[in-house]
Amino acid sequence: MYQLLKNEGTARRGVFTTADGTVQTPAFMNVATVAAIKGALSAYDLVDIGTQVMLCNTYHLHLRPGDEVVARRGGLHKFTGWNSVILTDSGGFQVFSLAKLRKITEEGVAFNSHIDGRHIFMGPEESMRIQANLGSTIAMAFDECVENPASYDYAKMSAARTTRWLARCKAEMGRIKEAGAATNPNQLLFGINQGACFEDLRIENMQQIAEMDLDGYAIGGLAVGEPKEEMARIITAVEPHMPKDKIRYLMGVGTPGDIIDGVARGVDLFDCVMPSRNARHGHLNTWGGIINLNNAKYAEDDSSLDEHCDCPTCRHFSRAYLRHLLKAGEMLGMRLAVMHNLYFYNTLMAKIRTALDEGTFCAFHRQYVKILDQRI
RNA sequence: GGGAGAAUUCCCGAGGGGCCAAAGGGGGCAGACUGUAAAUCUGUUGCAAAUUGCUUCGAUGGUUCGAAUCCAUCUUCUCCCA
């Protein structure tokens, strides 16, 4: 259940209550595709870095270890030791990212496993059954994330099909719960808006899925290579048609600046691989911008990563040491870097919430939206 | 003591008269990454007043229009026989 506490323009401050825990929004969900945050972070580390929601992936967990294995362990919460909110992505993004290995029909998508090449079929019903086995707090509807650029005709056809898939997802989830076969009987379902970069398709699609009374609504298919102005244009066009009393999720976004902009445009939830992937590659977020620790100039820099950050990494280690660990390919380097970047993102969201609470988000936006994405 | 082989750029290593500032790795430097097939991918890596010029293939000297490449001597290393 979503409760809007306060708003500043279209920006919203709220609380999302679930059976597994409460999420203060706006929030950034930390991506743990295969039920682990890459960089050797466990559920216990997530508590230390201020994580509210862990995000896992249906397709990846279906392949390995297998959703039924997870179900027999009591679901993702027991399996991972993370006792708060878990969102599972439906596998829809893999329709996009594994494009070379798949074939899409009305029924669903045929994949070749990226692990061993074996034939896999996933449609709305399969995705719902897998997510029911995984027992996440929130299941995402199975969608097609269309590549950019997309033709108008393809985007229209695909969005309509994704909506038909959504109806099947809702029906299948109902059947599973009725049969008592869900690992988590309180599992929620979010629908996903598609329509590429065409405002009329986006709006029409949003209006259709808004009528389906889902637990939350996501905007998908953005941040897939289109210019930032395009993304902003689409969010601004769709937002007025999203239910005010439901939580809104902008999938796969983004940079700190993208997130601040997203909040300003009325989004409550975000997720992105950037903080963890960039951290592993030496790109660290600071309150003054992004630094690339691989750069030679940090080889003898004894200062902490960010003097304004009090994460475990910044409290104890120098840039020179972190750079050495990263260069040497040590797991510790990645772990410390990922902890910092996720702490940074989680802290960014906390600051956004405080600004909204205090009615100063507009000033916060002005101060940080550009600088945080800059390279220094 | 006798015989055989080898020395190439930061490292390993290809190249056996002109198309060689010299393949390919590694390392270095730099860049990319947006619901993670991503410890991946891309560029670059002798110097400079830079469509060119200069220096570099163990050292010195030679052959040749032209040498990393052929010859002589030397140095160092490896292997085999004593």
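Quick note on labels: first sequence line is chain A, next is B, and so on, each numbered from 1.
- Regarding A/Arg375, its CZ atom lies at a distance of 10 Å from the P atom of B/A30, rounded to whole Å.
- No contact: A/Arg64 has no heavy atom under 4.0 Å from any strand.
- Across all strands, A/Lys228 comes closer than 4.0 Å to base atoms (heavy-atom distances).
- Looking at A/Glu68 and A/Arg129, no side-chain N of the basic residue comes within less than 4.0 Å of a carboxylate O on the acidic one, giving no salt bridge.
- Within 4.0 Å (heavy atoms only), A/Arg323 reaches sugar-phosphate atoms of the nucleic acid but no base atom.
- Between A/Asn292 and B/G31, a side-chain N or O to OP1/OP2 separation shorter than 4.0 Å is present.
- For B/G26, the glycosidic angle deviates from 0 by more than 90°, giving an anti base.
- Across all strands shown, B/C41 forms a Watson-Crick or G-U wobble pair with B/G31, both key distances being under 3.5 Å.
- The nearest whole Å value for the distance from the CE atom in A/Met29 to the C1' atom in B/U34 is 13 Å.
- Across all strands shown, A/Asp258 has heavy atoms under 4.0 Å from base atoms, whether or not it also approaches the sugar-phosphate.
- Atom P of nucleotide B/C33 and atom CG of A/Asn285 are separated by 13 Å, given to the nearest angstrom.
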Letter per nucleotide, 5' to 3', of nucleotides 35-41 of chain B [B base touched, S only sugar-phosphate touched, - untouched; heavy atoms, 4.0 Å]: BBBBBB-
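- Between A/Trp287 and A/Tyr368, the ring-plane angle classifies as perpendicular under the 30° and 60° cut-offs.
- The distance between atom CD1 of A/Ile290 and atom P of B/C33, rounded to the nearest whole Å, is 9 Å.
- Computed from coordinates, the A/Ile235 CD1 to B/U34 C1' distance equals 12 Å when rounded to whole Å.
- A/Asn341 has its CG atom 13 Å from the C1' atom of B/C33, to the nearest Å.
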Evaluation steps, salt bridge (charged side-chain N to carboxylate O under 4.0 Å, His left out), between A/Lys228 and A/Asp258: CA-CA 8 Å; A/Lys228 283 187 189 290; A/Asp258 290 339; 2.8 Å; yes
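- Linking Ile, Leu, Val, Met, Phe, Trp and Tyr residues whenever their side-chain heavy atoms come within less than 4.5 Å places A/Phe142 and A/Ile219 in a single cluster.
- Here the side chain of A/Ala223 is nearest to one of B/U34, B/A32, B/G31, namely B/U34.
- Judged by closest nucleotide on RNA chain B, A/Asn295 is the one of A/Gly254 and A/Asn295 placed further toward the 5' end.
- No option in A/Glu230, A/Gln194, A/Arg202 other than A/Arg202 meets the side chain to side chain contact (heavy atoms under 4.5 Å, CB included) test with A/Leu222.
- In this pair, A/Tyr345 and A/Phe28 present their aromatic rings tilted. The plane angle is within the 30 to 60° band.
- Put simply, the side chain of A/Glu226 never gets that close to the backbone of A/Asn148: no donor and acceptor are under 3.5 Å apart.
- Rounded to the nearest 0.5 Å, atoms CG (A/Asn184) and CG (A/Asn133) are 12.0 Å apart.
- RNA chain B is contacted by no residue of residues 9-18 of chain A, taking any non-hydrogen atom closer than 4.0 Å.
- Here the two rings, on A/Tyr59 and A/His114, have centers that are under 6.0 Å apart.
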